[in-house]
Amino acid sequence: MFAVIKTGGKQYRVTADDQFEIERIQGEAGDKIELAEVLMVGTKIGTPFVDGAKVTLEIVEQTRGKKVISFKKRRRQNSKRTRGHRQNLTKVRVANIAGA
């Protein structure tokens with residue numbers, strides 16, 4: 001069975017024991033988190049969320065993404081700017097999908 005969850009402004013299609021990275025969630029490695037924002041479980045579609053459905057995630061580690069360089073240059077103005085950004089991420093594993 002699969003589910004579609006919403007977290008960090010993004011949607012993810014997950015199945016049991018999947019590991020993936022999402023935007024930072026507070027917690028330590030080994031903590032369990034329940035998400036109630038489940039958009040779809042199997043063939044049941046929510047409006048906008050499925051009532052009573054929960055997905056339990058286990059935090060594997062807190063990490064950071066690859067560095068993204070933003071470089072802006074204005075030609076013939078002797079003006080340039082470089083900025084870098086690394087997104088804080090949480091690597092999680094799907095422990096359980098409880099559909100209603």
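Values reported hereafter were calculated over all heavy atoms of this structure, with side chains retained and with hydrogens, waters and symmetry mates removed. All values reported here derive from a predicted model rather than from experimental measurement.
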Before giving the answer on side-chain contact (heavy atoms from CB on, under 4.5 Å), spell out for F2 and V14 the whole-Å C-alpha distance, their side-chain angles and the decisive distance to 0.1 Å. CA-CA 6 Å; F2 73 93; V14 300; over 6 Å; no

Drop me the distance from [X]'s [atom1] to [Y]'s [atom2], to the nearest 0.5 angstrom.
{"X": "E61", "Y": "Q19", "atom1": "CD", "atom2": "CD", "answer": "9.0 Å"}
{"X": "K80", "Y": "F71", "atom1": "NZ", "atom2": "CZ", "answer": "5.5 Å"}
{"X": "N96", "Y": "E34", "atom1": "CG", "atom2": "CD", "answer": "8.5 Å"}
{"X": "I45", "Y": "M40", "atom1": "CD1", "atom2": "CE", "answer": "4.5 Å"}
{"X": "M1", "Y": "T43", "atom1": "CE", "atom2": "OG1", "answer": "10.0 Å"}
{"X": "T7", "Y": "I33", "atom1": "OG1", "atom2": "CD1", "answer": "8.5 Å"}

Contact summary for [X] and [Y], nearest pair of heavy atoms:
{"X": "K32", "Y": "A95", "answer": "NZ-CB, 4.0 Å"}
{"X": "A53", "Y": "V41", "answer": "CB-CG2, 3.8 Å"}
{"X": "R74", "Y": "S79", "answer": "NH1-OG, 2.8 Å"}
{"X": "L39", "Y": "P48", "answer": "CD2-O, 3.3 Å"}

Applying side-chain contact (heavy atoms from CB on, under 4.5 Å), run through R64 and L89 and close with a yes or a no. CA-CA 5 Å; R64 297 183 78 190; L89 300 173; over 6 Å; no

Would you sort out whether V92 and I22 count as a side-chain contact (heavy atoms from CB on, under 4.5 Å), showing the intermediate values? CA-CA 7 Å; V92 295; I22 59 176; 4.1 Å; yes

Shared hydrophobic cluster for Y12 and I59 (ILVMFWY, side-chain gaps under 4.5 Å): yes

Does one hydrophobic cluster hold both V94 and V4, with members joined at side-chain heavy-atom distances below 4.5 Å? no

Around atom CZ of R83, are there more than 12 heavy atoms from other residues, nucleotides or ligands closer than 6.0 Å? no

Please name the residue in the list E21, E23, R24 that meets the side-chain contact (heavy atoms from CB on, under 4.5 Å) test with T90. R24

Does this structure show an ion pair linking R93 with D18, if we count only N-O contacts that are shorter than 4.0 Å? no

Flag, side chain of E37 to backbone of I5, donor-acceptor distance under 3.5 Å: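 Side chain of E37 to backbone of I5, a donor-acceptor pair under 3.5 Å: no, none is there.
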
Taking Q62 for its side chain and I25 for its backbone only, find out whether a donor-acceptor pair lies under 3.5 Å.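 Yes, the answer is positive, given that a donor and an acceptor are paired below the 3.5 Å cut-off.
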
